[in-house]
Each structure stands twice: as structure tokens, then as C-alpha cells.
Amino acid sequence: MQYESTIIQLLQQALDLSQKDISELLDIPPSGKLGDISFPCFKLSKMHKKSPQAIAKELEEAIKIPDDSIVREIKAVGAFLNFFFDISKLTEKTLKQIWNEKEKYGYKENNQKTVIIEFPSPNTNKQLHLGHLRNMALGESTSRIFESQGFNVVRANLLNDRGTHICKSMLAYKKWGNNRDPDKKEDHFVGDFYVLFSKKAKENPQLEEEAQELLKLWEAKDIETIALWEKMTNWANNGFNETFKKFDISFDKIYRESNLWESGKEIILKGLKDKLFYKDEVGNVVVDLGEPLGTKVLLRADGTSVYITQDIFLAKKKFEDFNYSKSIYVIGSEQNYHLQVLFKILKMMNFEFADGCYHLSHGMIFLPEGKMKSREGTVVDADDLITELTDMAKTEILSRREISETEIIDTAEKIAMAALKYYLLKFAASKDFVFNPEESISLYGKTGPYLQYSFVRANRIIQKIDKTPSLEVNFSLFKSPEEISLIKLLKDFPDVLERAAFSYSPHLLAEYAHQLASSFNLFYEKHRVIGEAVEEIQNSRLLLVECFRNVMKNCLYMFGINTVDTM
Ligand code: ARG
């Protein structure tokens with residue numbers, strides 16, 4: 001919490017407790033009336049065998065506030081000792097800090113540590129869907145948030161580019177593709193053959209076996225099969241890259257399953273030798289993880305590896321490649337068990353990096369009944385959704401004003417992306433939710449465009465007024481509740497950012513950004529800047545608007561959302 005160290009110093013005047021102990025006790029009261037920070041006295045009451053009320057009262061009398069302190073008043077209320085900030089000092093400190101740090105406001109010093117974040121790791125047999133978009137939004141936002149905390153972030157993508165599912169698309173193309181080149185976005189073209197395979201296989205189950213045979217050929221490095229595989233995997237990847245670009249994400253490292261899939265075996269065999277694992281009656285190498293995880297096959301009797309074999313190898317490989325202190329896996333909750341097993345095995349094997357592994361698990365997305373069904377009728381295509389939202393944004397803008405063709409494309413895309421990304425990030429990652437496209441793009445409510453619009457309002461004031469904001473203002477002129485709430489929220493940004501990082505929770509920042517925008521909008525409705533007659537007040541408010549604009553831009557950046565100048 002901001003200015004926590006000041007409070008700790010004050011408390012240490014009267015208490016023989018460590019910084020850490022005090023810090024753990026400090027809390028934010030539910031209402032500003034009760035102070036800005038509070039110190040509950042229950043724990044001390046147990047230690048000293050006195051009532052917490054008496055302790056709070058004693059502390060209130062014992063602590064002397066230095067003249068230049070940001071704390072104005074200390075008050076005992078019941079079992080709590082409440083600290084009140086001096087609003088004008090707080091304002092001065094906060095606005096000066098934002099002004100000086102600009103786009104780095106809330107950032108921490110470089111801590112020299114590396115975090116590797118893996119997302120979205122698609123299978124190369126079909127195009128991306130809405131679930132991938134959630135994964136991408138979470139992965140990118142988490143990356144940016146960790147960067148703000150001084151980490152060196154490695155964005156890694158794992159391409160699951162081999163296996164039966166890939167061979168299904170390949171087989172369908174081989175049989176019915178007539179060696180055609182793609183006549184549409186390349187990953188969609190590949191996906192069509194996957195769908196075609198499923199359809200044909202319903203009529204002719206024999207095809208499943210043929211796909212298995214094709215996999216054997218691939219594993220035997222049959223020249224023709226490899227050539228087809230390369231061609232189709234490239235198509236899929238070209239298509240993905242277009243979508244990644246639209247979504248404004250890129251990767252520092254690409255891992256490919258086709259390069260890893262045979263590599264985990266040695267590690268497993270070593271574990272077998274070390275008696276961590278054993279062979280079951282049919283010859284599979286198995287691990288017994290006890291309750292509740294149970295037993296798990298790590299290597300099949302015929303020597304072939306399974307999904308977990310590769311992941312054990314990949315965890316080690318990532319560590320060798322980047323010497324990470326944290327490794328975050330952004331993966332859907334249907335793989336919770338897989339990752340629990342993986343992390344447990346890494347611990348059993350005493351890998352030094354095991355404790356740094358974290359599964360950022362995300363839930364599913366449902367759609368409002370009857371809306372936006374894809375051709376398969378179940379999943380929503382990522383590219384189709386982006387196009388649909390962009391069209392909706394265009395229509396919306398055109399209904400409000402005249403705009404040139406180039407400007408509308410750019411603006412509509414930025415609004416559509418804001419709508420999409422914010423909606424994907426505002427729910428706690430673990431939650432399932434319903435994606436409502438109309439709601440997501442609305443200018444009102446908890447939406448990305450609502451945030452962009454608050455930025456536009458601030459921007460317009462600064463562009464229209466005939467002076468530039470400056471720090472040379474009277475910081476004690478902010479008296480209204482709207483101004484004070486806004487300043488306090490601006491003060492909180494660094495805290496929220498830090499909390500969002502270490503709890504792997506971009507949604508905390510999404511919630512904060514909405515509060516910040518609402519608070520600014522209240523200020524905007526109640527107070528004038530451009531029409532304000534008193535020069536001194538106008539200057540102070542102009543600085544506040546500039547600082548809001550800065551912090552809102554920082555927030556939006558953390559979600560991967562671009563600002564727009566007009567809407
Ligand atoms: N490709 C997998 C899927 O689509 C996700 C891979 C996740 N990453 C991992 N290291 N297991 O389900």
C-alpha cells in the first residue's frame with residue numbers, strides 16, 4: 001500500500017514490532033470516513049492482555065506526527081487506530097510522482113529476474129477460437145504487468161504440431177484437397193480439412209485407423225508425409241501469425257512439439273533408475289503420486305512418450321534456456337489435473353525450478369443463446385469474432401458522426417480490440433462466463449470502450465484549452481469529494497499493479513480501471529475545467545486531468561488496449 005512505510009515508522013515510535021509484522025496487520029478501512037489506513041489492535045491485545053480499545057487509545061496518545069508528515073491525524077475508533085492523510089500533501093506527492101514518472105508510473109526497479117510465460121500454445125490442425133483469445137489476453141496482460149514489476153519477461157509459445165489430430169487434417173487434405181492452395185486465411189483452410197475429416201469419419205470409422213497409419217509414416221520420417229506436414233503446418237502458423245498481429249502480440253521464443261516429443265524419455269528412465277517411478281504389470285513406466293492425484297503413466301510400454309513426458313522435458317528445457325525464477329503456464333482449466341501432476345513430478349525429481357512453476361488456469365466462455373455460432377455450431381472462431389466486433393464498432397461510430405474511411409477503420413479496430421480484451425480480462429481468470437458481444441462494445445458499463453471514452457474526454461479538455469498543464473499549481477484547492485476520490489484512486493495505481501502481478505490477476509487491474517474511469521466521469525460531470533473562471537482552480541484541475549489521462553493510458557497498456565483520440 002502507498003505510503004505504508006510512513007505509517008510503519010509512526011507506529012514504530014510506540015511499538016516494538018518489526019516492519020513486516022506491522023505491514024501484515026495494516027488494512028484499508030471500508031469507508032474513507034474511517035481513515036485511509038487502519039491498524040487493528042486485536043493481536044496486540046492478546047500479547048499484552050489488555051482490551052484492543054485501550055491499546056488503540058494508548059497508541060493514539062503516544063504517537064507524535066512530525067510537521068512534514070503526509071499523515072494529518074491519528075484517531076482511535078473502537079479496536080482500530082485510524083490514520084488520515086493530509087489531502088493537500090497527498091495530492092502534491094501523487095500528482096508530482098505521476099507527472100515525473102509518466103508512462104513508468106507504478107513501475108518497479110529492474111529486479112534481474114526472469115519470468116517465462118507460456119501462451120497460447122495452439123494445436124496446428126485448425127484455426128484459433130474464442131478460448132484462445134482469452135488465453136492470449138491473459139498471457140499478454142500478465143506479461144506486461146510482470147514487466148512493470150521489473151521482471152525480464154520471456155513470452156513463449158508452444159506449437160503442438162504433431163500427433164493424431166494433425167494427421168487427421170493431413171489425411172483429409174490428401175484425400176479430398178486435390179493439392180489445392182489455400183483460397184482463404186491459411187489456418188482456416190487447414191481447419192476446414194479437420195472438420196471434413198470428422199464428418200467423413202462418422203460415416204467411415206476406418207478413417208481413424210488411416211490417420212494412425214499416417215502418424216506412423218510421419219514418425220518414420222516418410223518424405224512425402226513430412227512434405228505434406230510441413231506445408232500444412234506452415235499454413236496454420238501463417239494464419240495464426242496474422243491473428244497474433246491483429247491482437248498485437250508476439251513471442252520471444254517458439255517451442256515446437258515436433259522437436260520435443262521424443263526428448264522426455266531419458267528423464268523418465270533416470271527417474272525409473274532412481275526408483276521414483278516403477279514399471280506396472282504391462283511394462284508402462286508409472287508414478288504413484290498418492291491421493292488425490294493417483295497414479296499416472298509417464299512412458300508407455302512400447303517406449304512411446306505421452307503428453308506429460310514432453311512437459312517434464314520442456315520445463316527443464318525452458319529453465320536451461322532462460323534460467324527463470326518463475327514459469328507461468330496460461331492454460332485452460334480442463335488441464336488442471338495435468339499441471340498438478342506435472343508440478344508434483346518436478347518437485348519429486350528435485351528440480352530447483354519446480355517451486356517457481358505456476359498454472360494460470362482459465363475457465364470457459366459461453367455465448368448468449370443463439371448468437372454467433374460458427375460453422376461447427378459449437379466454438380466461436382477468433383477471426384470471425386474480431387471482424388464482427390469491428391463491424392459493430394463501425395456501425396456505431398457512423399451512427400454518431402461523419403468520419404473518413406481510413407480513420408474509421410483504424411478507430412473501429414481499436415475500439416473492437418478494447419471491447420474484446422477488456423471483456424476477456426474483467427472476469428477472474430478461473431471463472432467461466434458468457435461473452436456478450438453487444439454488451440462488450442457498449443460505451444456504458446464495465447467495458448473497454450467506456451475506459452477509452454474517459455480517456456477521450458480528458459484528451460479533449462487538454463487539446464481544447466489554450467494552456468499546457470504544469471506542476472506549478474496550488475495543491476490545496478481540491479476540496480470536492482469527486483476530486484478527492486479521483487486523487488486517491490490515482491494514488492492507488494502502483495499498489496493495484498503490484499497486487500495484480502503477484503496474484504496473477506489482471507482482473508484486479510480491470511476492476512480498478514473501471515473505478516478510475518467512473519471517478520473521472522463524475523468529476524467531469526460536476527466540475528468545469530475549460531469554463532472555470534478562477535485561474536488558480538483551473539490550473540489545478542488541468543493538472544489533475546493530465547494525471548488521470550496518464551494513469552488511464554498506463555492501465556490500458558496493461559490490457560494491451562490502445563487509446564483513441566476521438567470516438
Ligand atoms: N496445445 C494444448 C491444447 O491446445 C495446450 C498446450 C499447453 N502447454 C503445455 N505446456 N502443456 O490443449
Side-chain angles (χ1 to χ4, degrees), residues 1-101 105-109 111 149-150 471 474-479 481 483-499 501-503 508 512 547:
M1 107 194 20
Q2 288 287 83
Y3 309 119
E4 178 175 321
S5 54
T6 313
I7 309 288
I8 293 176
Q9 271 172 22
L10 288 174
L11 280 163
Q12 280 183 329
Q13 283 181 23
L15 286 177
D16 197 18
L17 282 180
S18 72
Q19 276 199 14
K20 192 168 161 276
D21 287 341
I22 298 179
S23 166
E24 274 165 12
L25 291 172
L26 291 179
D27 212 346
I28 302 204
S31 136
K33 284 199 190 93
L34 291 170
D36 295 295
I37 293 183
S38 80
F39 179 76
C41 300
F42 303 103
K43 196 172 166 198
L44 286 174
S45 143
K46 279 207 194 102
M47 282 164 58
H48 297 286
K49 310 218 161 32
K50 263 189 213 165
S51 77
Q53 289 82 356
I55 290 181
K57 206 76 207 152
E58 279 172 24
L59 287 173
E60 181 195 83
E61 276 153 29
I63 298 173
K64 299 277 165 283
I65 308 172
D67 282 344
D68 61 347
S69 178
I70 195 163
V71 173
R72 163 175 63 84
E73 199 188 353
I74 302 178
K75 233 173 37 205
V77 179
F80 296 86
L81 188 66
N82 295 337
F83 295 80
F84 293 80
F85 288 134
D86 176 317
I87 288 303
S88 100
K89 283 194 188 126
L90 177 91
T91 304
E92 179 167 354
K93 273 200 159 187
T94 304
L95 300 190
K96 278 189 172 161
Q97 193 186 343
I98 297 170
W99 180 273
N100 291 326
E101 296 179 4
Y105 176 59
Y107 278 52
K108 296 285 176 335
E109 291 286 295
N111 67 18
Q149 300 305 300
L471 267 191
N474 183 342
F475 290 98
S476 59
L477 292 176
F478 300 106
K479 300 261 189 269
E483 289 164 320
I484 293 172
S485 312
L486 180 56
I487 291 163
K488 285 191 174 170
L489 276 170
L490 292 173
K491 163 194 69 99
D492 289 340
F493 176 71
D495 275 354
V496 181
L497 193 57
E498 184 178 345
R499 228 178 314 132
F502 295 104
S503 61
L508 295 179
Y512 166 85
C547 287

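Under the side chain to side chain contact (heavy atoms under 4.5 Å, CB included) criterion, S38 pairs with D27, P29, F80, N82, not counting sequence neighbours. Residues forming a side-chain hydrogen bond (donor to acceptor under 3.5 Å, both in side chains) with E483 (at least two apart in sequence, or on another chain): S480, R541. When the ring pair (Phe, Tyr, Trp, His ring centres under 6.0 Å) test is applied to Y105, the partners found at least two apart in sequence or on another chain are F493. For F83, there are no ring pair (Phe, Tyr, Trp, His ring centres under 6.0 Å) partners at least two apart in sequence or on another chain. Residues satisfying the ring pair (Phe, Tyr, Trp, His ring centres under 6.0 Å) test with Y3, not counting sequence neighbours, are F85.
Closest approach of A56 and A79 over heavy atoms only: CB-C, 4.3 Å. Considering all non-hydrogen atoms of both residues, P40 and L25 come closest at CD-O, 3.1 Å.
Taking CD of Q12 as the reference point, atom CD1 of I22 lies at 4.5 Å (rounded to 0.5 Å). Note that CG of L44 and OG of S51 are 11.5 Å apart. Values are rounded to the nearest 0.5 Å. For the atom pair OG1 of T94 and CG of L486, the computed distance is 10.5 Å after rounding to the nearest 0.5 Å. Annotation: the span from L497 atom CG to K108 atom NZ amounts to 6.5 Å, rounded to 0.5 Å. The CG atom of D86 lies 9.5 Å from the OG atom of S476; values are rounded to the nearest 0.5 Å. One distance of note links CD1 of I8 with CD1 of I37; it measures 9.0 Å at 0.5 Å rounding.
Between K57 and E60, at least one side-chain nitrogen of the basic residue sits less than 4.0 Å from a carboxylate oxygen of the acidic one, meeting the salt-bridge criterion.
Legend: ring pair (Phe, Tyr, Trp, His ring centres under 6.0 Å) pairs involving residues 14-35, not counting sequence neighbours: none detected.
Side-chain atoms of I74 and I65, non-hydrogen and from C-beta on, do get closer than 4.5 Å to each other. Looking only at side-chain heavy atoms (C-beta outward), F39 and L10 stay at 4.5 Å or farther from each other. Taking 4.5 Å as the limit, some side-chain heavy atom of K75 sits within range of a side-chain heavy atom of F84.
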